[in-house]
Protein chains: 2
Amino acid sequence: MGASLKDVARLAGVSVKTVSNVVNEYQHVSEATRSRVQEAIDQLGYRPNLTARHLRYGRSGIIGLALPELGIPYFAELAEEIIGAAERESWSVLIDQTDGRGDRERLTSSGARSRTIDGLIISPLTLDAEYLAGLRADLPLVLLGEQVGPGTADLVAIDNVTAAREATEHLLGLGRRRVAAIGDQRVSPGGTATLRLQGYREALAAAGVEYDPELVVPAESYHRPDGAAAMRLLLSLADPPDAVLCFNDLLALGALRTLLAAGLRVPADVAIVGVDDIEDGRFSTPTLTTIAPDKTQIAEAAVTMLLERVNGLATPPRSVTARHTLLVRESTHLRGLAQE
Amino acid sequence: MGASLKDVARLAGVSVKTVSNVVNEYQHVSEATRSRVQEAIDQLGYRPNLTARHLRYGRSGIIGLALPELGIPYFAELAEEIIGAAERESWSVLIDQTDGRGDRERLTSSGARSRTIDGLIISPLTLDAEYLAGLRADLPLVLLGEQVGPGTADLVAIDNVTAAREATEHLLGLGRRRVAAIGDQRVSPGGTATLRLQGYREALAAAGVEYDPELVVPAESYHRPDGAAAMRLLLSLADPPDAVLCFNDLLALGALRTLLAAGLRVPADVAIVGVDDIEDGRFSTPTLTTIAPDKTQIAEAAVTMLLERVNGLATPPRSVTARHTLLVRESTHLRGLAQE
DNA sequence: CTGAAAGCGCTTACAG
DNA sequence: CTGAAAGCGCTTACAG
């Protein structure tokens, strides 16, 4: 295949060490030697073998990114940011999709446990403890969005309670009093859904609106069809909602579809807020009001913390709270464009 | 850090070769030896070092996937399929984003040229020749969607001419005669856009409708804002269109937004067709008629062809034409749900 | 059925 | 400023 250091050394008539010095741009190589070596490199089309370099260094230069699925825009957008942040530090990213049919199979077949990664950024949204247990014990880990067990690893997340409270306050501020919530999940006790539900309830309580369990609809997953189905359920109530907080934008877009298909007006009849700020919501009709997490900040914090761990940092687990912003768009704004 | 084969061998009182035999499940290891070795493995928590294995084998077990950006749903969905197909063959996927600000910088900084990959699947939609030139000459390559130069590498794509012709015929079949096209690009002569434009023109010609260059609007990139802007341009014409073929779904969703915001009805006033069948179009209002490429087939063909090359196959470049289907939804179907 | 040794391509003390 | 040698952890002929 390709030429090795040894080949270059032979051709240039120098030692392997000298070639290595040139390749790695070390000082103290005479100009004459350097150019002779460079010539040999060009002539042979030599390229360093990173695998060998990694073996020597005891690391691969690759970090893993474990996500439920890239088909969910929020994760795709986040992956984009994380790959960018990692590349800026000269690291590569290997993506592992964890959701869908057969977590276990995939875990085994892809050899995630012993795979060539120096660290892992993982979004545990739908991950069971089993997945984590299957990982190398010494693998540096950063959790995205959600704690798994107490103080397991570094964490970066937005303040979910506050975010949900602000979104709900916004809906209440429009004068709505039948505010529903879509996306409840009881899988993980301290999970995202639980925190968002808490924020929702805090806002209701502060406004003196009674909490009605009937208005809280769970979602098995956070895709558009789940939101659509949940909204159909809410519309079938004797006293249906006039506003909905959806725990992500995909649920909100599904709910929106159900409302429009039922001939209802958004936001005139029902106002909607989502979470994530995916691009879809900026071009739907009506456009979608949402809580926008600072994805760039999340990606950069995750990569920074992970690389610190990879480089040997040994402090107790840390936690970064990323910024979030409520973006008011047409789905809650009566003078919006597409009101008809 | 972790234990090596040597450590296990020492603890079990056997040679390294024997441990390797056990780990790789070779025949001809006595049951007694096997269990003794297995015990040592468990005790030390030994895991094979893949980097070393890869160095030995002369390959990394990793393939690269170079895409414009994951933020474009079509690419995210395709990446999902490709990662899945690769994992089924026990290969990992490293993603390289090529678009956006500073292709060149990223190419250099990420070391794509010498990176640890055994082969590359690349979607050259927005890639310049420079990127390809920067790659290892001996790197097995599969192109996605679009040829770059004649017979450069294996290719998998749908029949773009036929797909565009069918979509246009569908619009003409609704009785529309002012059929616009959004997404023209003159960057690459034999590129996707050129082929789709050709199919569009063939359909017009076959229906005896005169080709009006005014109705063909270029798009610099294929995002929602490009589609929205192009549609605004079309609406400003003296004789605006009553149907639009968009060269991808994102353009179509952008165009849809412009139409609805302008108070027009879709499809009553203007019918729309896209290409890609991304999930967004299944939940927009109205839902989006589209050409659906068989993404699973594309992913599997690409991975299969690439791995064949990696394994030494040396035939001339091959070409796979993937299936596509026209999915008729509300944006061209008058009796659709959300007509109001 | 098992062992001792070479080598994948690199870097890094250790000499000179 | 440059060389010779060891070693990262693995697999694979080659012996026995």
Side-chain angles (χ1 to χ4, degrees), chain A residues 1-38 40-41 44-62 90 111 113-118 136 138 310, chain B residues 1-38 40-41 44-62 90 111 113-118 136 138 310:
Chain A
M1 315 278 142
S4 72
L5 272 190
K6 201 159 46 162
D7 301 323
V8 176
R10 197 179 302 134
L11 181 61
V14 299
S15 80
V16 163
K17 163 72 170 157
T18 302
V19 180
S20 176
N21 284 159
V22 172
V23 170
N24 295 297
E25 302 184 331
Y26 285 152
Q27 313 296 325
H28 309 307
V29 181
S30 74
E31 194 40 56
T33 311
R34 172 187 307 285
S35 64
R36 194 145 42 90
V37 169
Q38 190 56 54
I41 288 176
L44 294 173
Y46 168 77
R47 294 163 186 281
N49 179 322
L50 294 193
T51 303
R53 194 178 276 176
H54 293 155
L55 174 58
R56 180 56 236 248
Y57 281 137
R59 56 163 71 170
S60 65
I62 299 173
S90 303
R113 353 171 83 214
S114 55
R115 197 185 254 166
T116 331
I117 57 174
D118 294 330
R136 276 163 37 200
D138 62 335
V310 168
Chain B
M1 318 298 138
S4 71
L5 271 189
K6 201 158 49 163
D7 301 324
V8 176
R10 197 180 301 134
L11 181 62
V14 298
S15 80
V16 163
K17 163 72 169 154
T18 303
V19 181
S20 176
N21 285 158
V22 172
V23 169
N24 296 296
E25 301 186 331
Y26 286 153
Q27 313 296 323
H28 310 305
V29 181
S30 74
E31 195 40 57
T33 311
R34 172 187 305 285
S35 65
R36 194 144 42 90
V37 169
Q38 189 58 53
I41 287 175
L44 293 174
Y46 167 77
R47 293 163 187 280
N49 178 320
L50 294 193
T51 303
R53 194 177 278 176
H54 292 155
L55 174 58
R56 181 55 236 249
Y57 280 138
R59 55 163 71 170
S60 66
I62 299 174
S90 304
R113 353 171 83 215
S114 55
R115 198 186 254 163
T116 330
I117 56 174
D118 294 330
R136 275 163 40 200
D138 62 334
V310 168

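In what follows, chains carry the letters A, B, and so on, assigned in the order in which the sequence lines appear, proteins first and then strands, with residues in each chain numbered from 1.
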Query - Minimum heavy-atom distance between A:A32 and A:S35, given as atom pair plus value - result: O-OG, 3.1 Å
Report task. Considering non-hydrogen atoms only, spot the tightest contact between B:R59 and B:H54 and give its length. Result -> O-CB, 2.8 Å
Report task. Starting at the 5' end of DNA chain D, write a dot or bracket for each base, bracketing those in Watson-Crick or G-U wobble pairs whose two distances are under 3.5 Å and using | for partners on another strand. Result -> |||.||||||||.|||
Hey, does [Y] have a side-chain heavy atom less than 4.5 Å from the side chain of [X]?
X	Y	result
B:V37	B:I41	yes
A:Q38	A:V8	no
A:S4	A:N49	no

Query raised in the report: Counting N and O atoms only, with roles assigned by atom type, does the side chain of B:D7 sit under 3.5 Å from a partner on the main chain of B:A3, one being a donor and the other an acceptor?
Result: no
Report task. Could you tell me whether a side-chain N or O of A:D118 sits under 3.5 Å from a main-chain N or O of A:S60, the two making a donor and an acceptor? Result -> yes
Nearest-Å distance for atom pair [atom1]/[atom2], residues [X] and [N]:
X	N	atom1	atom2	value
B:R10	C:dG3	CZ	C1'	16 Å
A:L55	D:dA6	CG	C1'	13 Å
B:H54	D:dC8	NE2	C1'	15 Å

Query raised in the report: Can you list the steps and then say if B:R47 with B:V23 is a side chain to side chain contact (heavy atoms under 4.5 Å, CB included)?
Result: CA-CA 9 Å; B:R47 293 163 187 280; B:V23 169; over 6 Å; no
Query raised in the report: What string of B, S and - do you get for nucleotides 10-16 of chain C 5' to 3' if you count protein non-hydrogen atoms under 4.0 Å?
Result: BBBB---
Report task. Indicate, with a heavy-atom threshold strictly under 4.0 Å, whether B:T33 touches base, sugar-phosphate, or nothing. Result -> sugar-phosphate
